[in-house]
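All values below come from the heavy atoms of this structure, side chains included, with hydrogens, waters and symmetry mates left out. These numbers were taken from a predicted model, which means no experiment stands behind them.
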Amino acid sequence: MIVIGLTGGIGSGKSTVSSYMKTLGIPVFDADESSRAAVRKGNACLQKIVDFFGPDCLLENGELNRPWVADKVFRDKKILKQYEKIVQDQVLVEAQHFLEEQKEKNVPAVVLDVPLLIECGWHTKVDSVWLVKVPKTVQIQRAMLRDGAMEAAVTARINAQMPLAEKERYADVVIDNSGTIESTKAQVTAQMHKLLGAV
């Protein structure tokens with residue numbers, strides 16, 4: 001079973017690529033979705049976050065106060081790293097379960113869709129690193145449109161991430177998502193043919 005690690009910056013269109021790969025019948029593990037589930041009420045991961053931050057990180061209903069946490073973590077990189085580690089440890093457990101399940105099903109390939117694939121060191125756990133790339137101006141436009149965010153806020157998030165040029169050094173495959181959806185799909189299909197033959 002070939003494990004593909006899929007990554008890309010904010011607004012790069014990583015979700016577009018992973019959605020298309022699903023249509024090709026390739027199982028996809030979504031780390032973002034797993035991260036959101038990890039911090040929901042009743043999850044052991046949320047209790048670890050409360051132990052770290054204190055009860056102020058919770059809303060009255062017991063759910064995580066995301067804006068409060070975001071304010072704390074983006075002011076201090078050390079706090080961000082500690083917070084990310086709590087969540088990532090849980091996500092890694094989920095990813096390992098996913099890989100075991102897919103291996104039992106004898107599928108030829110799977111995708112780990114992980115925004116921080118390289119930053120977390122997960123690129124060492126996959127067979128092929130795929131980077132979805134667009135110019136920074138396109139990233140900003142798409143993220144503003146998608147999230148309804150101001151340009152300054154999007155730019156700050158992009159600048160806080162590992163530069164795409166640096167990520168490219170780790171990539172086995174670079175998908176240029178700055179053109180049409182058909183162009184992106186054609187690149188993905190061609191790369192899957194290289195890995196598996198007919199898809």
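Contact check on K85 versus D89 returns a salt bridge, with a Lys/Arg side-chain nitrogen under 4.0 Å from an Asp/Glu carboxylate oxygen.
Side chains of N177 and S12 form no contact here, defined as non-hydrogen atoms less than 4.5 Å apart. Side-chain contact check for K125 versus V3: every heavy-atom pair is 4.5 Å or farther apart. Between V188 and W130 there is a side-chain heavy-atom pair separated by less than 4.5 Å. Side-chain contact between F53 and N65 is absent, with no heavy-atom pair separated by less than 4.5 Å. Proximity of V91 to F29: side-chain heavy atoms (C-beta onward) are separated by under 4.5 Å at one or more points. Counting heavy atoms from C-beta outward, M192 and I4 have side chains that approach closer than 4.5 Å. Contact annotation: the side chain of Y83 approaches that of V39 to within less than 4.5 Å [non-hydrogen atoms, C-beta and beyond].
Of the listed residues (V129, T124, L6), just one forms a side-chain contact (heavy atoms from CB on, under 4.5 Å) with L117, and that residue is V129. Here the rule is side-chain contact (heavy atoms from CB on, under 4.5 Å) with V126, and of L112, V114, I2, D172 only L112 fits it.
Sparse packing is recorded around CD of E33, with 12 or fewer heavy atoms of other residues, nucleotides or ligands lying under 6.0 Å away.
Of the N and O atoms on the side chains of Q191 and Q187, not one donor lies less than 3.5 Å from an acceptor on the other residue.
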Could you walk me through whether Q90 and E94 pass the side-chain hydrogen bond (donor to acceptor under 3.5 Å, both in side chains) check? CA-CA 6 Å; Q90 176 66 32; E94 298 289 337; 3.1 Å; yes
